[in-house]
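The next block holds one structure in the form of structure tokens; read it before the comments.
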Protein chains: 2
Amino acid sequence: MPATIRDVARASGVHISTVSRTFSAPHLVNPETRVRVLACAEDLGYRPNRAARALITGRTHNIGLIVADIANPFFPPLIKAAEGQARHRDYHVFVADTNEDPVAEEDLVHALAKQVDGVLLCSPRMSNSLIEQVSREVPVVVINRQVAGLPCVMMDVGQGARAAIEHLLGLGHRRIALLGGPRGSWTAREMRRAATAAARGGGAELTILGPNQPTETGGGALAEQVRRSGVTAVLAYNDLMAIGLIEGLDAIGARVPHDVSVVGVDDIALSRLTRPKLTTVATPTAAAGRTAVDMLLQLDSDAPRGARGRGAAAGDRRTTAQVMLQTELVVRDSTGPVPAPGRDGTVA
Amino acid sequence: MPATIRDVARASGVHISTVSRTFSAPHLVNPETRVRVLACAEDLGYRPNRAARALITGRTHNIGLIVADIANPFFPPLIKAAEGQARHRDYHVFVADTNEDPVAEEDLVHALAKQVDGVLLCSPRMSNSLIEQVSREVPVVVINRQVAGLPCVMMDVGQGARAAIEHLLGLGHRRIALLGGPRGSWTAREMRRAATAAARGGGAELTILGPNQPTETGGGALAEQVRRSGVTAVLAYNDLMAIGLIEGLDAIGARVPHDVSVVGVDDIALSRLTRPKLTTVATPTAAAGRTAVDMLLQLDSDAPRGARGRGAAAGDRRTTAQVMLQTELVVRDSTGPVPAPGRDGTVA
DNA sequence: CAGTCGACTGCAAAGGTTTGCAGCCGAAGA
DNA sequence: TCTTCGGCTGCAAACCTTTGCAGTCGACTG
């Protein structure tokens, strides 16, 4: 029932190849012919069959986007941005969710491999070596992780964590806790590294709690532990955990920021709506999504037709750019000066 | 580079058709041959090219899922459920986001039409007639809306709204506001209808505020108006608005539930984490996602090959089931007895 | 022993599109 | 007038898989 290129050709009295060219290389066909063909196509409601096109061009015009948990508000802006950018270039995005499971992650990328032109691996939980392995099967751009030899787009959470710690130091805090993220997270490692260094540099003591589930529940569950540890400030792996922690602290009678200062990471929409408004490290999620799509498509157009699957495997491709996006500390209401009465801060 | 069916055939010394059957109809090939072929396939890393398969079978094994706003926490559970159910049947899900824009919605379904076997239209904002029109182009299952002649899966928000109003009536409230949802939303209309009837039945006065943007911001913006209107209880279009409203009320000095009771709809994860915990109408989102996928696949397997695009158009298909899923009122902490001092309730 | 049947496998067409190559035609240059 | 060239179009192969049909072969039935 759906009109094919042949129907259009018949209707407009030209050969199918002319119809094909009308769409894929308009400059090659006579303007008059072109308008006639277009009119017929419009008339018959013709839309090129992407499967057939994919078969011959080797390009599906689809890209896969694998995220850890679509329900985490961190991801939707990234997904939207990626989708928008892709649509703009006549690509579609498959979004898939791994439920934070490294195994599901691997299965998914295999399943996707044959029906997309490339995969965006966002905040992967699997090992670097596994990532390298799958990248031999399908072009991959990694988001939120650094993998040698592969194109990556990262957000500078190290710098963000440093800024957060320095902000807290400036408020007089000297006993700080870091709520670690999930196991296998590159971001978690980076934050830890940077926060540790910054704390040491400022003469503060950093307690690391984790790894944890990066959710409200995960944050809330740590309230008791934070309270007991005697810290006056907390840097959480993400906003969700920070918000959960604030709720949890509130429930056991600790006030934020009066008793404890809390800093999150991500600057999700919600962080502007809770009370107190959350001080947080804003990550350029949308930009990351757009950049990743661009890099993938770039990669893809570089690769000679038929050479898909080789891709950047051997690292000989000099297009394996790695970009680091800047983060920014946004100071709101969940951080304040270290509580005065306690004899906790050593250096004043 | 990627191995084709021909490579496998050559390697295992059989004809390509035998290889094909090894995968798509294993019972038709000799067990010995089968293991040999499978071994070779495994060895070469062969994976069937879905585009080629799609070309001949007419089935892409993809389904599209169009949602209004992926950042609204209502959708992710539905998306996850749909994805899971689809994966289970060897289908993949395209998720696309319309930003609450009816026009983007239409474009999207057209763009998707040719590369999926069907589309799940979730909480559509476009008109019924437009939906019917696109359903002639590609099989469609509608979620959260009733369209005559098309398969639909709905959640009984009418019953939920009634239960919510009755709950409020039971607490003594007689002046109630309904925070309406976005224009074009079937759910919003249903709620309004049911809430109006229930309020009238209980001798209460129902003020309708809206339409509104179904977000926290949208809810927060209504705080003043709610305060001024003198109502003692509010039923919001969804949890996000309810939460925004509570924040907004709090900011202007009205306490929930002491001064105003608030009920949401959806029971998103967040509603359990705010304080006060939100009383809300739980909607079976995950079930809706699963059901919709099942219905679509069912529809799809009924349609004779090559007849795609006709589908349930003329309403002659008796498989156009419409299912209504039950909702349930979950009473938490955001609702309480009507404030005693005020002389507001007319009937006591 | 002839005939039948069933299990298995090969053959070839078909599906819709892209694209290198070749052909046509008219215009410009010699 | 004869070439040459460029703009445009047609031809046909190719992409990879599925599937109806037909063929082979051995075993079983009568």
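FYI, side chains are in, hydrogens and waters are out, and symmetry mates aren't considered; it's all heavy atoms of this structure.
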Exercise. So does B:T57 get a side-chain nitrogen or oxygen closer than 4.0 Å to the phosphate oxygens (OP1/OP2) of D:dT18?
Worked result: no

For this session: Assign the ring pair A:Y91 / A:H61 to parallel, tilted or perpendicular, where the plane angle (0 to 90°) is split at 30° and 60°.
Result: parallel

Problem set entry | Distance in angstrom units between B:N30 CG and D:dC25 P, rounded | 16 Å

Exercise. Of all the choices, D:dC11, C:dG16, D:dC16, which nucleotide is nearest to the side chain of B:A52 once you look at every atom?
Worked result: D:dC16

Exercise. Between A:E105 and A:R125, is the closest basic N to carboxylate O distance under 4.0 Å?
Worked result: no

Exercise. If you check the B:S17 side chain, which of C:dC11, C:dT18, D:dT17 turns out closest?
Worked result: C:dC11

Exercise. Taking the side chain of A:I56 as its heavy atoms from C-beta onward, which of C:dG15, C:dG16, C:dT9 lies nearest to it?
Worked result: C:dG16

Exercise. Roughly how many Å is it from CZ in A:F23 to P in C:dT17, rounded to a whole number?
Worked result: 9 Å

Exercise. Are side-chain heavy atoms of B:V109 and B:V138 found at a separation under 4.5 Å?
Worked result: yes

For this session: Check whether the side chain of B:R21 and the base of C:dG10 form a donor-acceptor pair under 3.5 Å.
Result: yes

Exercise. Can you check whether A:T33 has a side-chain N or O nearer than 4.0 Å to OP1 or OP2 of D:dT9?
Worked result: yes

For this session: Round to the nearest Å and state the distance from B:I5 atom CD1 to C:dG10 atom C1'.
Result: 13 Å

Problem set entry | Separation of C:dG15 P from A:N49 CG (nearest whole Å) | 12 Å

Seminar exercise, completed: Rounded to whole Å, the NE2-P distance (B:H15 to D:dT17) equals 13 Å

Problem set entry | B:I16 CD1 - C:dT9 P separation (whole Å) | 15 Å

Exercise. Could you state the NE2-P distance from A:H27 to D:dC8, rounded to the nearest angstrom?
Worked result: 10 Å

Exercise. With a non-hydrogen cut-off below 4.0 angstrom, is A:T4 in contact with a base, only sugar-phosphate, or nothing?
Worked result: sugar-phosphate

Problem set entry | C:dC8 phosphate, OP1 or OP2, under 4.0 Å from B:T18 side-chain N/O | no

Problem set entry | Spatial distance of atom CG (A:L44) from atom CD (A:E42) [nearest 0.5 Å] | 10.0 Å

Exercise. When you check the side-chain N and O atoms of A:D294 and A:Q85, is any donor under 3.5 Å from an acceptor?
Worked result: yes

Problem set entry | Atom pair distance, as rounded to whole Å: CG in A:L28 and P in D:dG10 | 13 Å

Exercise. What is the nucleic acid contact for B:V14, judged by heavy atoms within less than 4.0 Å: base, sugar-phosphate only, or nothing?
Worked result: sugar-phosphate

Exercise. Which is true for A:Y46 with a 4.0 Å heavy-atom rule: it touches a base, it touches only sugar-phosphate, or it touches nothing?
Worked result: sugar-phosphate

